[in-house]
S.K.: 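Shown below is the structure under consideration.
The analysis underlying the following values was restricted to heavy atoms, covering all of them including side chains, and did not include hydrogens, waters or symmetry mates.
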Protein chains: 2
Amino acid sequence: MLSNSSKYALKAVLYLAVNSTENHKILVKTLSSRINVPKAYLSKILQELSKHNLVSSTKGPKGGFYLAEENREVRLVQIVNTIDGDNRLTSCLLSLNQCNADYPCPLHDLAGKAKSNFLKNLEETTVQDLVFDIASGKSFLPL
Amino acid sequence: MLSNSSKYALKAVLYLAVNSTENHKILVKTLSSRINVPKAYLSKILQELSKHNLVSSTKGPKGGFYLAEENREVRLVQIVNTIDGDNRLTSCLLSLNQCNADYPCPLHDLAGKAKSNFLKNLEETTVQDLVFDIASGKSFLPL
DNA sequence: CTATAAATATGACTTTGGTCATGTTTAATA
DNA sequence: TATTAAACATGACCAAAGTCATATTTATAG
């Protein structure tokens with residue numbers, strides 16, 4: 001459903017959303033140990049996210065990664081698509097080219113509703129929304 | 001969501017369901033060209049399915065693969081689990097160990113409903129059900 | 001202006017899923 | 001009973017995802 005890389009990306013963004021501000025940046029090293037993702041690999045993922053303006057960073061001493069206000073409006077689907085590409089979630093379950101609502105493959109309906117529901121949620125939900133759930137005790141962070 | 005191997009397995013079973021009987025067995029070679037899956041790889045998948053009694057086969061001249069009546073009662077989840085293992089579909093979206101309804105990770109609800117819906121469908125649907133959909137024009141076969 | 005601390009860029013290594021080729025066993029038929 | 005046609009079994013190869021190490025760039029602070 002999601003690649004490992006996407007999961008790591010989501011975990012990282014989530015941690016930054018809760019624990020960082022522009023005045024309190026986080027080192028890759030720290031982030032790595034907090035969310036249990038190998039440092040070097042996490043680096044690569046953060047760079048990709050940074051390049052697409054989904055997270056913020058500054059180099060040099062006192063530098064690090066953080067989420068600016070604009071980053072908090074990012075929708076989860078942007079994160080997933082940036083890392084996994086955008087058709088991982090939309091393609092037919094059997095990977096058939098000609099499979100659509102008018103000419104569905106035998107598994108189309110079976111998966112279709114679940115998938116579109118999931119995708120819709122990813123599209124509608126922002127990072128800030130998740131932070132809100134955590135703050136209000138609806139969900140929990142230990143990553 | 002599903003591995004390539006699972007997709008191939010589903011396609012193969014579906015083709016056999018529609019086109020084979022105990023008196024009309026299908027060669028791997030034929031199946032391969034009909035569903036566009038490399039012959040050698042398809043072989044391996046069919047062997048795995050056969051070992052678990054999800055498809056039937058006989059060796060030797062006049063041999064081949066087919067679906068016996070019992071095979072038509074197989075549920076899709078059995079096919080997927082046999083090929084992919086059984087936790088690919090059930091594990092947490094972020095692959096967290098401690099994530100459950102009482103202590104959900106921030107993405108739990110977002111994916112949970114979609115995933116459990118999909119899983120439920122795989123558990124409830126038999127091969128025969130899909131054949132029925134095809135026969136009644138609800139879905140289409142070209143694989 | 002220099003030293004240093006951090007992200008960034010690049011590329012190599014490893015693991016795993018997917019692909020293929022070869023040989024072995026089984027069963028039908030002549 | 002010999003031949004042959006098929007599934008079955010095993011293992012090697014390949015490609016992509018995941019993992020890691022090294023070098024470069026940038027910014028801060030003394």
Side-chain angles (χ1 to χ4, degrees), chain A residues 1-12 16 20 22-33 35-68 71 80 82-85 87-88 94-95, chain B residues 1-12 16 20 22-33 35-68 71 80 82-85 87-88 94-95:
Chain A
M1 182 124 61
L2 298 183
S3 71
N4 255 328
S5 300
S6 274
K7 295 180 187 184
Y8 292 170
L10 288 169
K11 286 168 80 167
L16 291 177
S20 81
E22 184 154 9
N23 297 317
H24 183 70
K25 293 161 191 159
I26 312 259
L27 304 186
V28 173
K29 192 173 139 190
T30 307
L31 188 51
S32 160
S33 72
I35 67 175
N36 296 305
V37 174
K39 176 172 168 298
Y41 189 28
L42 179 60
S43 254
K44 196 173 252 185
I45 293 171
L46 287 170
Q47 285 163 32
E48 195 66 20
L49 294 176
S50 172
K51 193 187 299 176
H52 288 77
N53 299 312
L54 303 180
V55 303
S56 302
S57 67
T58 61
K59 291 183 181 179
K62 296 277 170 190
F65 287 92
Y66 64 99
L67 286 205
N71 297 322
V80 173
T82 295
I83 303 295
D84 281 348
N87 56 4
R88 176 162 188 144
L94 295 180
S95 302
Chain B
M1 183 121 64
L2 298 184
S3 71
N4 255 329
S5 300
S6 274
K7 295 180 187 182
Y8 291 170
L10 289 169
K11 286 169 80 168
L16 291 177
S20 80
E22 183 155 9
N23 297 318
H24 183 71
K25 293 161 191 159
I26 312 260
L27 304 187
V28 174
K29 193 172 137 191
T30 307
L31 188 50
S32 160
S33 72
I35 67 176
N36 295 306
V37 174
K39 174 172 169 299
Y41 188 27
L42 178 60
S43 253
K44 196 173 252 184
I45 293 171
L46 286 171
Q47 285 163 32
E48 195 65 22
L49 294 175
S50 172
K51 193 186 299 174
H52 287 78
N53 298 313
L54 303 180
V55 304
S56 302
S57 67
T58 60
K59 292 183 180 180
K62 296 278 169 191
F65 288 93
Y66 65 99
L67 286 205
N71 297 321
V80 173
T82 295
I83 303 296
D84 281 348
N87 55 5
R88 176 163 188 144
L94 295 180
S95 302

S.K.: Would you kindly give the NZ-to-P distance between A:Lys29 and D:dC20, to the nearest whole Å?
M.R.: 16 Å

S.K.: Has A:Tyr8 got a side-chain N or O lying under 4.0 Å from the OP1 or OP2 atom of D:dG18?
M.R.: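 For A:Tyr8, the contact criterion (side-chain N or O under 4.0 Å from OP1 or OP2 of D:dG18) is not met.
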
S.K.: So how far is it from B:Ser20 OG to B:Ile26 CD1, rounded to the nearest 0.5 Å?
M.R.: 5.5 Å

S.K.: Measuring from atom OG of A:Ser43 to atom NZ of A:Lys39, what distance do you get when rounded to the nearest 0.5 angstrom?
M.R.: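 With rounding to 0.5 Å, OG (A:Ser43) is 5.5 Å from NZ (A:Lys39).
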
S.K.: From C-beta outward on B:Lys44, which listed nucleotide comes closest to its side chain: C:dC20, C:dG18, D:dC8?
M.R.: C:dC20

S.K.: With a 4.0 Å cut-off on heavy atoms, is B:Ser43 in touch with a base, just the backbone sugar-phosphate, or nothing at all?
M.R.: nothing

S.K.: With rounding to the nearest 0.5 angstrom, report the OG to CG distance, B:Ser57 to B:Leu49.
M.R.: 10.5 Å

S.K.: Between atom CD1 in B:Ile45 and atom P in D:dA9, what is the gap in whole Å?
M.R.: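 Those two atoms, CD1 and P, are 15 Å apart.
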
S.K.: State, with a plain yes or no, whether a side-chain heavy atom of B:Asn71 is found less than 4.5 Å away from one of B:Leu54.
M.R.: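 Not touching, per the 4.5 Å side-chain cut-off.
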
S.K.: How long is the line joining NZ of A:Lys25 and C1' of C:dT8, in whole Å?
M.R.: 16 Å

S.K.: Which part of the nucleic acid does B:Ile26 contact within heavy-atom distance under 4.0 Å: base, sugar-phosphate only, or nothing?
M.R.: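 Sugar-phosphate, backbone atoms only, no base.
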
S.K.: Can you measure B:Tyr41 atom OH to D:dC13 atom C1' for me and round it to whole angstrom units?
M.R.: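 Whole-Å distance recorded here is 14 Å.
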
S.K.: Going by heavy atoms closer than 4.0 Å, what residues in residues 56-65 of chain A are next to DNA chain C?
M.R.: A:Ser57, A:Thr58, A:Lys59, A:Gly60, A:Pro61, A:Gly64, A:Phe65

S.K.: Measure CD/A:Glu48 against P/C:dA7 and give the value in whole Å, please.
M.R.: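 It is 17 Å, rounded to the nearest whole Å.
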
S.K.: Carefully, step by step, assess B:Ser5 and B:Tyr41 under the rule side-chain hydrogen bond (donor to acceptor under 3.5 Å, both in side chains).
M.R.: CA-CA 9 Å; B:Ser5 300; B:Tyr41 188 27; 2.3 Å; yes

S.K.: Looking at D:dT19, C:dC20, D:dC20, which one has an atom nearest to any side-chain atom of A:Ala40?
M.R.: D:dC20

S.K.: For residues A:Asn4 and A:Lys7, determine if any side-chain heavy atom of one lies less than 4.5 Å from a side-chain heavy atom of the other.
M.R.: yes

S.K.: Taking A:Ser56 for the side chain and A:Leu67 for the main chain, is one N or O donor matched with an acceptor at less than 3.5 Å?
M.R.: no

S.K.: Classify A:Leu46 by what it touches in the nucleic acid, base, sugar-phosphate, or nothing, heavy-atom distance under 4.0 Å.
M.R.: nothing

S.K.: In whole angstrom, give the distance that lies between atom CG of A:Leu27 and atom C1' of C:dT4.
M.R.: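 In whole Å, C:dT4 C1' lies 14 Å from A:Leu27 CG.
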
